[in-house]
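Heads up, the thing below is written out as structure tokens.
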Amino acid sequence: MEENRFEPKIVAFVCNWCTYTGADLAGTSRLKQLPNARLIRVPCTGRIDPIFLIKAFESGADGVLVSGCHPGDCHYNSGNFHARRRWMFFKELLEFVGIDEKRVHFSWVSASEGKKWVDVVNGVIETVRAEGPFQEYEKINKSNMIPIE
Amino acid sequence: MAQLVELAKELLESGKVSLIIGYTAKGDNATYPFIAYTAAEAEKLVFNHHCVNNLSVYINRLDIPEAGKIGIVVKGCDARALSMLIQESQIKRENVLIIGVNCNGVVKDVEMEWKKENVAPKCAVCEVRTPKLYDELIGTLEDFEKPDPTAMQIIAKIEAMTPKERWAFWQNEFDKCIKCYACRQVCPLCYCDRCIVDENTPQWIETSATARGNFSWNIIRALHQSGRCVGCGECSRVCPMGIPIGVLNMKMNMIGMSEFGFKPGMDINEPTLVGSYKFDDKENFIR
Amino acid sequence: MNEYIITNEQINQLASELLNKNWNVVAESSDGISFKSITQGEDIKLNPSSKPSNLSPKQFFFPKSETLFFYKKTQTDVEIIDTAGVGNKTIIFGVKPCDTALTGILSKVFNWDYKDEFFNKKVENTVLIGLKCGYNDDDCFCTSVGLSPESEKGSDIFLVPLEDGSFLAKAVTEKGSEFVKENSKFFAPATDAKSKPVEMKAAPQKKFDPARIKEWLDHNFENEYWKSLGDLCLGCAQCAYVCPTCHCFDIVDENFDYMSGRRVKNWDCCQYTMFTKHASGHNPRSHQSDRYRQRVFHKFKYYPDRFETILCTGCGRCIRGCGIGMNISEVLQQIDKF
Amino acid sequence: MKIGVFVCECGENIGKTVDCFKVAEIASHFPGVAHAEAYKYMCSDPGQNLIKKAIEENGLDAVVVGSCSPHMHEKTFRKVCSAMGINPYMVEIANLREHCSWIHDNRDEATAKAVDLVRLLVEKVKYNEPLFPIKVPVTKRALVIGGGISGIQAALDIANAGHQVTLVEKEPSIGGHMSQLSETFPTLDCSQCILTPRMVEVYQHPNIKLLTYSEVENVEGFIGNFKVTIRKKARSIKEDLCNGCGMCIQKCPNKKTAKSEFDEGLTTRTAIYVPFPQAVPNLPVIDRTVCTYYKTGKCKICVKVCGREAIDFEQEDTMITEEIGAIVVATGYKLYTIDKKPKDSLIQGYGEYGYGQYKDVISGLQFERIASASGPTAGEMQRPSDGKEPKKIVFIQCVGSRDESKGFSYCSKICCMYTAKHAMLYKHKVHDGEAYVFYMDIRAGGKNYDEFVRRAIEEDGVNYIRGRVSRIYEQNGKYIVKGEDTLAGLPVEIDADMVVLATAMVAQPESPKLAQILSIPYDKYGFLAELHPKLHPIETSTGGIFLAGSANSPKDIPECVAMASAAAAKTLVLFGSDMLEREPIVAKVDESTCAGCLYCKKVCPYNAIEVKEIRNRAGELIKTIAYVNTGLCQGCGTCNATCPSKSVQLLGFRDDQIFAQLFAFADN
């Protein structure tokens with residue numbers, strides 16, 4: 001790591017069948033990536049509750065990535081379609097309450113898109129790095145640590 | 001309102017309904033929810049500009065055993081909530097007799113005097129002055145002076161802010177929250193036996209009324225209303241701390257409209273927004 | 001004599017000086033919603049005839065959310081880190097009698113067995129500046145529960161507005177006297193030449209007799225009347241949270257991460273379904289009418305039984321704030337007629 | 001809980017970039033970790049024994065293995081732990097190879113990340129619970145949908161293994177497209193000669209229930225336990241009475257209105273008809289859209305001539321319900337008709353080739369009928385317009401296939417071969433004729449396939465021109481085919497007597513609808529999708545439903561037969577046991593908190609959510625709630641994320657398990 005460079009903490013929620021496997025392929029292909037993302041494997045993007053993202057921020061994430069199968073590729077036929085609707089609302093809501101869209105990312109990465117995975121994950125990390133630490137959320141996380149009037 | 005009383009008496013006397021959820025007057029201005037079980041009690045029913053409450057909240061929350069068909073007085077906005085409750089399997093259509101009222105606007109809060117400044121902001125953008133769903137329809141439509149759509153103005157104001165300003169604005173608002181859950185209890189569509197905020201293994205939302213717990217509570221509440229909220233405005237009205245929570249819901253409704261062309265509770269035969277999808281739903285935000 | 005004269009300007013100057021000394025200075029917020037810490041002395045504008053704020057100043061003694069301790073796990077053990085549990089010295093200006101009474105009422109329950117240091121220290125650290133009340137609406141009923149617009153209960157210093165715009169300040173407690181002494185430059189001793197107290201709205205009429213109510217409650221737990229009260233109440237906690245005397249709390253553990261967290265005390269309310277729900281799923285107060293009855297019983301029977309004090313100050317907040325018009329005053333008036 | 005952490009170096013694969021011993025050392029201090037160690041090859045025998053030994057010595061309850069992707073060795077390590085009495089679902093795999101060592105260079109960074117990955121799963125595994133396979137009974141009766149060669153093969157294989165089969169065919173006869181073919185490549189043996197005995201075998205098989213002129217209407221249930229509703233369309237014939245004498249057909253006055261489906265519209269058929277002479281079953285059907293009786297209420301000649309009173313004009317569709325354990329979908333293909341752009345089609349069409357406009361521009365299947373001894377010309381090479389023998393014939397390949405701009409992007413696979421066959425058949429019948437083939441590439445992969453094409457070119461003298469045809473137009477009774485020879489780089493113009501278009505194979509138009517009935521996915525062309533293109537080419541994403549033949553993608557006969565036998569084998573594997581074990585990663589509803597909004601039911605891709613009524617002792621309805629049919633649930637968890645009160649939880653991926661990982665991520 002470069003000296004004094006901000007290293008963002010990224011949580012990536014990925015579906016088991018497409019993106020996790022796509023990331024496996026990136027590994028098998030030895031495609032180098034930045035080391036900031038931690039993947040959390042779930043069966044399907046349909047399983048990803050928007051609140052997971054809030055929990056990720058509460059746990060100190062500077063940015064979040066959600067990724068799954070392309071529409072039509074879903075291992076469970078339609079899980080990602082429901083997820084897509086959910087995210088549309090959630091992303092707008094987050095923006096509306098002041099969470100910069102640069103901290104919340106969505107992508108479709110199939111099991112064959114190892115290269116795309118690398119581009120996505122590196123892109124997210126660099127975008128969040130440019131944004132800097134998520135100080136606003138850090139502040140409300142700390143709100144629990146001081147007595148409130 | 002003689003028409004309402006006559007109808008209610010007839011329905012109760014004939015046994016078509018076992019009770020009627022309506023409004024009764026108190027003092028000069030105020031009205032409050034009221035349940036008429038008998039024709040004599042039906043005499044007390046009223047409908048006027050002060051009938052603010054969305055009575056559909058009572059439909060699946062009454063502490064009375066299942067006693068046959070329930071009659072209920074609804075405005076257009078309330079009827080939308082009732083439609084959602086039917087679509088969400090909370091009550092069967094045949095178990096409720098809907099007395100729709102042609103609505104000529106209501107005040108912001110029950111005790112307020114009927115004048116333009118006091119008209120509820122939701123009435124400014126109302127498209128359902130005649131309910132979309134009813135068994136009986138009473139009253140006649142009359143013109144009234146529309147108020148400013150203040151919620152829209154607040155949304156426009158917030159949208160014009162930078163993310164940091166928006167964050168500061170909402171943190172300031174959420175900071176007031178005392179987690180009394182009046183917003184939840186008054187909402188017809190918050191009917192869960194155990195709200196997600198009461199789930200503690202694992203804990204989804206911190207019950208503490210701290211900045212972090214208040215933030216997650218308020219936005220998750222808005223999220224759970226997305227594609228469902230009918231905009232009756234009760235949550236904002238009852239908030240003792242004056243947090244404009246309804247604005248979040250309205251913003252989500254605008255997304256439902258602009259991205260999916262959908263308005264909740266307008267037609268019980270349409271699929272609900274949550275729970276359905278289209279192949280070509282927008283995904284320009286997904287890489 | 002423990003009577004002094006203080007003007008509006010002096011109050012503002014006093015507040016500024018206390019702020020400079022790092023005091024937490026609190027007054028009613030201008031939007032009428034709650035009591036808030038202020039940042040400059042000029043923010044204090046005492047108005048005896050204003051409607052009580054939506055939220056009582058209870059939170060300065062019994063916060064809506066209060067950390068009891070922090071914890072840190074090790075591989076085999078847990079380490080506890082005590083919180084200070086107490087903040088800066090606090091002064092609250094312009095508290096009406098129906099709010100000042102809360103410390104006296106609540107200290108009974110917080111000290112009857114276990115001494116709640118969190119509460120006691122806050123009371124100890126706070127100077128409560130009471131203000132004679134000139135407000136009265138249909139929902140006020142302080143006189144029915146043994147208080148009045150000029151009750152000095154709970155105030156350390158009690159202010160009475162005078163016609164010339166200044167206030168007569170009575171040091172009610174020792175703490176109040178001490179405080180005046182320490183800040184004597186803002187308090188002029190009251191002389192006979194002082195201005196007359198401002199004529200204010202009459203006190204609310206006595207609406208019911210709490211002794212009669214208690215007697216009825218003693219014998220009517222199963223009365224049919226309770227059943228009729230549960231139909232409309234939606235079971236939120238607005239009434240309890242705005243109330244100066246409701247004091248139920250819930251203790252939960254909150255994680256910061258997998259190794260650490262805090263134990264925290266949060267407001268809770270008997271009107272919630274979950275309040276009495278057992279892990280088995282059984283709920284002894286399964287109906288809203290049971291829960292509403294509990295509220296009345298706790299305030300007007302159980303608490304007086306145990307502590308000889310009514311758990312209510314008659315401020316009327318619960319009535320004003322209720323979204324569907326539940327009205328405890330009317331309920332009690334009804335009971336009084338039985 | 002005592003957790004064991006085992007870190008694998010995978011030779012140098014992980015060990016080179018990740019300090020596995022350091023990871024194990026750090027992990028040994030995590031709360032709850034009772035044992036941690038690293039080893040060169042954890043999946044090897046000594047590695048497995050090391051895990052077993054550690055489990056025994058430390059009394060471990062749960063295990064986290066830091067190794068390659070769980071997709072590689074999750075099963076291996078679960079088995080190891082299972083052998084030592086640890087429930088396999090108490091094992092988690094931290095992906096230190098694909099997601100760490102292989103993608104990072106810096107040893108410190110990679111080691112730090114590996115520690116994180118292990119910690120996340122140590123925290124998760126604390127919340128894991130033992131799960132046990134779900135057992136469901138198996139109904140040993142198969143449903144085969146489609147009676148072409150694939151369906152026939154699958155049905156026979158399953159039936160011959162001793163299991164009951166219901167074969168459903170939507171046409172009046174089984175046989176499919178193969179029955180229309182003249183000869184088959186690369187052996188040029190007669191298609192009907194090899195097919196019809198199989199058709200008869202199906203008909204006579206004691207284990208096969210044949211339902212022709214029938215369609216699958218609805219499918220409920222799940223693997224081993226489907227409930228299938230089949231619509232048996234009204235034939236207007238009493239099957240038990242008809243003896244197939246054919247008098248009705250001979251006497252039917254309505255001979256010209258309907259085009260013969262079997263002859264691809266080259267001839268007509270009567271209103272009451274048997275599709276072709278060797279049809280199975282040999283039962284006529286009345287085409288109600290053309291029959292005079294159904295139009296005018298008069299005629300009934302067939303009734304008069306039938307000696308067995310087998311005609312029933314009043315007959316109605318009947319619904320048959322079958323209990324089924326496995327389903328083989330073999331609904332086949334259709335040829336792309338190119339005359340005009342089909343409605344809602346993805347493709348643009350080839351108006352410039354004049355198909356449908358010029359009688360002598362025909363499709364491959366039409367050519368098969370002309371070349372067939374049972375066809376309209378009895379095998380004589382005659383062109384449709386005037387019956388003359390075509391002296392010059394042009395074959396155009398890839399009409400609709402491999403054409404992103406106007407057709408489909410996929411290759412129809414069989415056209416290269418059948419065009420060579422067509423050209424050969426033509427040359428065998430018209431010795432002095434000239435045959436030209438326009439092609440893009442010759443794809444003749446397959447046993448004896450390339451030899452077959454070479455034979456057409458070298459022995460039979462077929463002219464192969466590499467290039468596309470731009471236009472066909474009529475001039476003086478000839479069809480001018482304008483194209484380009486891309487090898488010579490010259491324009492080509494041929495005055496042909498007849499043109500045969502090798503049009504693309506497309507999915508059956510009803511296939512998306514059927515896919516929805518079956519809850520299986522299909523691609524954008526309507527072809528039914530296999531579970532995995534390599535490892536699960538037969539299975540679909542719905543357990544117990546298998547694919548055979550060109551319903552999946554264009555295939556030739558041997559491939560169809562092989563796939564059908566594979567589908568039969570998969571079915572037989574399923575029927576091999578009385579009880580079925582399924583992954584216990586399924587959703588579960590908390591009945592006490594479910595509010596019955598049933599959004600879970602709306603989002604479930606498998607219709608696995610059912611509605612349950614909760615009643616008190618007096619029988620009064622307390623509430624209606626959701627209930628998960630674990631036989632149907634595939635474990636996607638969409639219900640879990642949708643549930644507003646989180647009353648439905650996906651076992652193995654419950655909310656607390658996810659949260660535990662997130663809390664482990666935190667670094668306060």
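Chain A is the first sequence line, chain B the second, and so forth, proteins listed ahead of strands; every chain is numbered from 1.
- With a threshold of 4.5 angstrom between heavy atoms, D:Lys124 does not approach chain A through any atom at all.
- Looking at D:Thr542, there are no atoms closer than 4.5 Å to chain A (heavy atoms on both sides), in backbone or side chain.
- At least one side-chain heavy atom of D:Ile658 sits less than 4.5 Å from a side-chain heavy atom of A:Val42.
- Proximity to chain D is absent for every atom of A:Asn80, based on heavy atoms less than 4.5 angstrom apart.
- Under the salt bridge (Lys or Arg N to Asp or Glu O under 4.0 Å) criterion, A:Lys102 pairs with A:Glu131, not counting sequence neighbours.
- The aromatic rings of A:Trp17 and D:His71 lie parallel to each other, their planes meeting at an angle below 30°, with 60° marking the opposite boundary.
- Looking at D:Asn13, the atoms closer than 4.5 Å to chain A (heavy atoms on both sides) all sit in the side chain, from C-beta outward.
- Side-chain atoms of D:Asn95 and A:Asp24, non-hydrogen and from C-beta on, do get closer than 4.5 Å to each other.
- When the candidates A:Ala111, A:Ala37, A:Gly46, A:Cys74 are compared by the number of heavy-atom contacts under 4.5 Å with chain D, A:Gly46 comes out ahead.
- With a 4.5 angstrom heavy-atom cutoff, A:Arg30 touches chain D via backbone and side-chain atoms both.
- Considering all non-hydrogen atoms of both residues, A:Pro35 and D:Glu109 come closest at CG-OE1, 3.1 Å.
- To the nearest 0.5 Å, the span separating CZ on D:Phe659 from CD on A:Glu58 amounts to 9.0 Å.
- Of all heavy-atom pairs between A:Tyr76 and D:Tyr606, the closest is CA-OH, 3.0 Å.
- At a 4.5 Å heavy-atom cutoff, the contact between D:Leu531 and chain A is made by side-chain atoms alone.
- The 12-atom threshold is not exceeded at NZ of D:Lys75, counting heavy atoms of other residues, nucleotides or ligands nearer than 6.0 Å.
- The minimum heavy-atom distance between A:Ser78 and D:Val603, with the atom names listed, is OG-O, 4.4 Å.
- Residues A:Ile10 and D:Phe665 come closest through the heavy atom pair O-CE1, 3.9 Å.
- Of the two parts of A:Ser29, neither the backbone nor the side chain holds a non-hydrogen atom closer than 4.5 Å to a non-hydrogen atom of chain D.
- Atom CG of A:Leu25 is separated from atom CD of D:Glu98 by 10.0 Å, given to the nearest 0.5 angstrom.
- Using a 4.5 Å cut-off between heavy atoms, A:Leu34 contacts chain D through its backbone alone, with no side-chain atom that close.
- If you take CH2 on A:Trp117 and NE2 on D:His99, they are separated by 7.5 Å, rounding to the nearest 0.5 Å.
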**Q.** Residues D:Glu74, A:Arg41; criterion salt bridge (charged side-chain N to carboxylate O under 4.0 Å, His left out); working and verdict
**A.** CA-CA 14 Å; D:Glu74 188 172 59; A:Arg41 179 166 72 124; 3.1 Å; yes
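- Side chain of A:Ser59 to backbone of D:Leu662: a donor-acceptor contact under 3.5 angstrom is found.
- Comparing D:Cys636, D:Gly637, D:Cys100 by how many heavy-atom pairs each has under 4.5 Å with chain A, the most go to D:Cys636.
- Here the closest non-hydrogen pair linking A:Pro43 and D:Leu650 is CG-CD2, 3.5 Å.
- Panel note: side chain A:Arg47, backbone D:Phe653; a donor-acceptor pair is recorded below 3.5 Å.
- The backbone N or O of A:Gln33 lies less than 3.5 Å from a partner atom in the side chain of D:His104, making a donor-acceptor pair.
- Within 6.0 Å of the OH atom in D:Tyr410, the count of heavy atoms belonging to other residues, nucleotides or ligands exceeds 12.
- With a 4.5 angstrom heavy-atom cutoff, A:His75 touches chain D via backbone and side-chain atoms both.
- More than 12 non-hydrogen atoms from other residues, nucleotides or ligands lie less than 6.0 angstrom from NZ of D:Lys126.
- For D:Tyr522, no part lies under 4.5 angstrom from a heavy atom of chain A.
- Residue A:Tyr20 touches chain D through both its backbone and its side chain, counting heavy-atom pairs closer than 4.5 Å.
- For A:Ala61, the parts lying under 4.5 angstrom from a heavy atom of chain D are both the backbone and the side chain.
- Among all heavy-atom pairs drawn from D:Asn640 and A:Asp49, the shortest one is O-OD2, 4.3 Å.
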